[in-house]
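Remember, it's 1-based here, ligands and their atoms both numbered in the order they're listed.
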Amino acid sequence: MEMGPYANWIEINLDAIEHNVRYLLTSTRQPLMAVVKADAYGHGSVEVGKAALHAGASWLAVARYGEARVLRNAGITSPLLVLGMVTPSEVDEAIANHVTLNMYSFETAEMYSQRGKAAGKPVLVHQKINTGMNRLGVLPEEAVALARRANELGGIHIDGMFSHYANATTPGDPFTPLQTKRFKQAVDLMTQANLLPKWIHLCNSAGSYYEPDGYFNLVRSGSAVVGLAFRDNEPFPAVMRQSFVWKALLSACKLVTKGEGIGYGQTYILEKDGYIGTLPVGYGDGYRRKMGNHVLIDGKRVPVVGSECMDQMMILMPKAYPVGTEVVLIGTQGNESIFVEDICKTWKTIEVDATTNINFRVPRVYVRDQVSR
Ligand SMILES: Cc1ncc(COP(=O)(O)O)c(C=O)c1O
């Protein structure tokens, strides 16, 4: 039997990702910062980053310096913002590698200044404004003081200012326009003080799709770029495309007799003789150990039975299938589909959590339209 190279793998459609980037560029008419943190939500930061830049994104963003290092080592030279905390030695590396950092407090300004002066080259920063997320950033009324302090200290170049929506995922939440208003206040104060930096950004994916008042001159998007839903209880918009498919090969097939139990704890007992298939996928891959999972085989939706093991799980099939038969865990087969949205109902989580936590040991394969394995 002919089989592909992997027992279980993910296919990411880069044409879908490029489509989403172009869609956002056209709909917002603003430059785009593609957020590729956490390995682009499990899709692969280097490949997604390259595709996003190819489709016209101007910036990339990550959460940790180590993620920026991965992109630079892969030859990505675009502007690149680290959204989270960095250590002094990482600041030194950021200066050398032209990576922009988040100046989110007076303490970070002090530390960046020290490192910038020691390097003889300024640290590039975007200044963070806390408009209500209460995670990182200074209050709008402190924006000018922070910028002045950084300029006074030296060794820092303020290239942007930004904030982050807390509730844009909830349709109609009044906190979102309030955050826009607070951010505008900070922008106005910086303008009056003649300190307004080049890049001004507030919107995440939901903001980029629904909040034109929050556009300023750059939008940041992660989930919309890779094709994952960004609104509570709303499917991913049909104008954009999902890019994520997860497949596996059937590793064993056997007829198991009535009354036999399946797997650890024997949590599933066969009510009649049945064909049990084994899949080389388990919770060690990031497939969640939850009741009610289904997969697709031969274009049919079949249940996962028993509790998922670390590396394997069992399915109940209507008939025997050859070892090596392709099984879809997330995606479409024939007329049936299990989208990330559907699996999240069983896993009781959000789409970005589901894909981000699929383990590194599952190979990511990059495909284009019309190309399927
Ligand atoms: C500061 C910041 N900006 C942008 C994003 C991207 O959000 P989304 O995936 O909704 O576009 C995130 C993600 O959590 C974030 O923390």
Is it the case that Arg288 places NZ or CZ above or below the six-membered ring of Tyr283, under 6.0 angstrom from the centre and within 45 degrees of the axis?
no

Measure the distances from the heavy atoms of Ala224 to every atom of ligand 1 and state whether one is below 4.0 angstrom.
no

Sort out for me which residue in Leu255, Val256, Ile315 forms a side-chain contact (heavy atoms from CB on, under 4.5 Å) with Ile276.
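Passing option: Val256.
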
Measure the distance from [atom] to every protein heavy atom, then report the residue, atom name and distance (to 0.1 Å) of the closest one.
atom                    : result
atom 14 (O) of ligand 1 : Lys37 NZ, 2.8 Å
atom 3 (N) of ligand 1  : Arg220 NE, 2.8 Å
atom 11 (O) of ligand 1 : Ser205 OG, 2.5 Å
atom 15 (C) of ligand 1 : His164 CE1, 3.4 Å

Regarding [X] and [Y], is there a side-chain donor-to-acceptor distance under 3.5 Å anywhere?
X      : Y      : value
Asp273 : Thr257 : no
Asn217 : Gln30  : no
Tyr209 : Ser27  : no
His98  : Arg72  : no

What do you reckon, does [X] have a nitrogen or oxygen under 3.5 Å from a nitrogen or oxygen of ligand 1?
X      : value
Val35  : no
Ser223 : yes
Lys128 : no

Between Tyr41 and ligand 1, find which residue part has any heavy-atom pair under 4.0 Å and reply side chain, backbone, both or neither.
side chain

With heavy atoms only and a cut-off of under 4.0 Å, state how Arg135 meets ligand 1: side chain, backbone, both or neither.
side chain

What atoms of ligand 1 come closer than 4.0 angstrom to any heavy atom of Ser221?
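Listed by number with element: 11 (O).
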
ILVMFWY clustering at 4.5 Å (side-chain atoms), partners of Leu178:
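Taking Ile, Leu, Val, Met, Phe, Trp and Tyr as members, Leu178 shares its hydrophobic cluster with Phe175.
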
Determine the interplanar angle of the Phe162 and His201 rings, folded into 0 to 90°, and report it as parallel if under 30°, tilted if 30 to 60°, perpendicular if over 60°.
parallel

